[in-house]
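Both counts, for ligands and for their atoms, begin at 1 and track the order of listing. Values reported hereafter were calculated over all heavy atoms of this structure, with side chains retained and with hydrogens, waters and symmetry mates removed.
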Amino acid sequence: MGGTGHSVFFLLYVLCVLWTLFEAESQKTSDCARWCPLNSRCVNATACRCSPGFTSLSGDIFTNRLENCDDINECGPRLAVSCGKFADCQNTEGSYHCECSPGYQLASGAKTFRNESENTCQDVDECSFRPPVCHNSTVCVNTVGSYRCRCRRGWELKPGFQNKQMNTTCQEMSFPAWTEPPGIKSQSLSNFFKKVQVLRRDFKPALAQDTIQNLITSVDELLEVPSDLDALALPERHKMATHLLSELERVLRTLAKAMPGASFTYRSPLNTELSLMIQEQGDGYTTIGQSHARMLLDWAVATAARDSDPTVMGILSSWKMQELLANASLELDPETKAKLKDLHQGPVRGAQYKLLSAVNLVFLSNTNTEHLDSPVTFAFSHPMETPGPRQGLVCAFWKSDDRGGGHWNTTGCWTRGTSNDSTTCQCSHLSSFAVLMAHYDIEDPKLALITKVGLALSLVCLLLCILTFLLVRPIQGSRTTVHLHLCICLFVGSAIFLAGIENEGGQVGLRCRLVAGLLHYCFLAAFCWMSLEGLELYFLVVRVFPGQGLSKCWLYLIGYGVPLLIVAISAAVRHERYGRSLYCWLDPKDGFLWSFLGPVIFIVLFNAVIFVTTVWKLTQKFSEINPDMKKLKKARVLTITAVAQLFLLGSTWVFGLFLFNPHSWVLSYTFTVLTCLQGFFLFILHCLLNKKVREEYRKWADWVTGNRYSEFTTSSSNQTQAHRPSESGM
Ligand SMILES: *[C@@H]1O[C@H](CO)[C@@H](O)[C@H](O)[C@H]1NC(C)=O
Ligand SMILES: *[C@@H]1O[C@H](CO)[C@@H](O)[C@H](O)[C@H]1NC(C)=O
Ligand SMILES: *[C@@H]1O[C@H](CO)[C@@H](O)[C@H](O)[C@H]1NC(C)=O
Ligand SMILES: *[C@@H]1O[C@H](CO)[C@@H](O)[C@H](O)[C@H]1NC(C)=O
Ligand SMILES: *[C@@H]1O[C@H](CO)[C@@H](O)[C@H](O)[C@H]1NC(C)=O
Ligand SMILES: *[C@@H]1O[C@H](CO)[C@@H](O)[C@H](O)[C@H]1NC(C)=O
Ligand SMILES: *[C@@H]1O[C@H](CO)[C@@H](O)[C@H](O)[C@H]1NC(C)=O
């Protein structure tokens, strides 16, 4: 039984020790709250503190037994953790870390970091990083966080694929199809297209540079003069030019994409220059071009909107092209016209021009160049030329029309300035450009008014003359017949001039040719009749007054037949020279104006010789022993009249030499005034200064007034009354 006593004692002892321990423990923990929740530790008997990365509603330390410690979201919007660029913040239970965004990694290769200052996230180059993933017809392009495949230079998309996809597949680029313009028959054009077909067949993207050079040389050869293109009519030439420009643009734009380098310049033996720039990326402003033309433009303008091919910019400057585009019309935009009108104080009716610069074909990847976001600036080189009065340098572009042809147009292009040998232009769209030296045809409103009023006066006077010559009996005779027809010719000529000299349409139509032909005829006829006057006088004085000079038949033959012959021959040789774009008059090209001026000068000289002879004979006769003074005095008057008339008509046309090419307004005004006064002077010369005619006029006046105011005229002079019976008999 003693063993059992021991065991109980031992058990009590253990319990005692445990109690002591428990007491000690409870003494110790009595100053630590035992209720502290998860993620917290006690501070003393009544407060707990959240672990780092956690917080309670009342802060780190809390005394409320119901509170919890919750995770702090360090990545949340209000907290000050910043991971930096290309990185994301990741919150964890009680902590956070930063990691690089997808497609980026830390330079060190580590996965996470905690502080922005440790951020070394950089784009992963998927292209070098991964095994080749793009088709071997493409090159891999690293993009943010990924990659794309884009066609190699000289390759184009296979049908059904899109560019810059992961599965993009391409095929070798080909020379674009280029067909002949329809309806133009020309051997040199056919030869050109044969060469193009060969270039097309043999085209290899790797040889794009050679192909471009050969193409430019072929174009040069096509435009080399002389060729059978010269024989083409203007509309066909312009059609061909339009076709050539637009197709060249398309082909060059494609071929340029196959060029290996970033830029390329070529100057052909015939001085055609091509500048190309091919780049994957760029921004800001870029200049391209060489000696003939330079261009400054925004990259954004050059880049095609959705295309992701390399961006291409190019200028082709061709002097040979000038020939093809030289004779098209120039359309000034309303703004320019308004400016010119202000400047010259007269409406602009049109402009002639000379092409100064090469024709510059501009092309970009961007084909939507009708309205550019930012204007493109050009500097076009050209031989120096100082504009004269009513002239100016114009930047114009070739505007194709719906019939396939085209013309020069200035809308949306501004001339910014000129230096010695180049002109700066700015345009809000792209096409083919050139600098033109334009000569503006500005209507002088004063001159136009003088002409209208003067011609109307002249017509009235001529009509009076015609009536006088027809009706006044005492002066009837062959000289009056000559005067009559002279006046009829001038009357008809002036009336046609007044009604139809202006060619409104710009195109020379049948009406205009007819007007020009009739004017040519009428004024020539007037001069022929004047030469007959000289002949009449010669017969009168030199042949000792034989009375009748030339027979009526001869008069009409010379007066109307000779000019008809001249006009007929002129029209047969060069009918297209009748009528000009602005005036329906003779086109002075290749000396055609001489078909008028030649006969005129001949007649003036012929009459001058006759008059000198006549005057000499007259003075001889005056010094004869017994001169017939009455007849001699009459002859003297006739001679003076004829000389005055010759002087009037002749000198008018001396000024007229300069007409329709009026660089001097003094000459234009003089000519206009003289022309308008012709009728008036003839009326004074042949009617008012002629005694017989004056008497006849007086009779007519009396007859008119006598009928109306008989009571008043009874008291007028005896002479008047004496004449009345004969008048009432008329
Ligand atoms: C426990 O600590 C909190 C904060 O430190 C304090 O406010 C409180 O008075 C302390 N309680 C005791 C009993 O010491
Ligand atoms: C990050 O680092 C900077 C400087 O190295 C230091 O001033 C800042 O306190 C750090 N921020 C954090 C949240 O560790
Ligand atoms: C692309 O690979 C094919 C075979 O898969 C080969 O025939 C072809 O020549 C390669 N093309 C290029 C441009 O490397
Ligand atoms: C290329 O991949 C795109 C998706 O990335 C897909 O829509 C398209 O059909 C694929 N094209 C071809 C030809 O497989
Ligand atoms: C074009 O104009 C020039 C100069 O005015 C002229 O020499 C040439 O013959 C004209 N060409 C055609 C086809 O009319
Ligand atoms: C000139 O070009 C502008 C812009 O392309 C066009 O609107 C206008 O009609 C053209 N003028 C003529 C006369 O063709
Ligand atoms: C214009 O040309 C003259 C001589 O040809 C030269 O001395 C001058 O520097 C040039 N001026 C400009 C602006 O190019």
Looking at every heavy atom in both Leu355 and Leu436, which two are closest together, and how far apart are they?
CD2-CD2, 2.8 Å
Distance filter under 4.0 Å to [X] heavy atoms, resulting ligand 6 atoms:
X	value
Phe397	2 (O)
Thr411	1 (C), 2 (O), 3 (C)
Asn409	1 (C), 2 (O), 3 (C), 8 (C), 10 (C), 11 (N), 12 (C), 14 (O)

Charged N-O contact under 4.0 Å between [X] and [Y]:
X	Y	result
Arg250	Glu247	yes
Arg65	Glu67	no
Glu576	Arg513	no

Yes or no: does Glu370 have any heavy atom under 4.0 Å from an atom of ligand 6?
no
By salt bridge (charged side-chain N to carboxylate O under 4.0 Å, His left out), Glu273 pairs with (sequence neighbours left out) Arg267
Mind checking whether Glu331 has an N or O less than 3.5 Å away from an N or O of ligand 6?
no
Close-range residues for ligand 1, whose non-hydrogen atoms fall below the 4.0 Å threshold
Asn44, Thr46
Would you tell me whether Asp421 and Ser381 have side-chain atoms, one donor and one acceptor, within less than 3.5 Å of each other?
no
Side-chain donor-acceptor pair present, Asp333, Thr336, cut-off under 3.5 Å
yes
Do the numbers put Arg114 on top of the ring of Tyr96, so that NZ or CZ is under 6.0 Å from the six-membered ring centre and no more than 45° off the axis?
yes
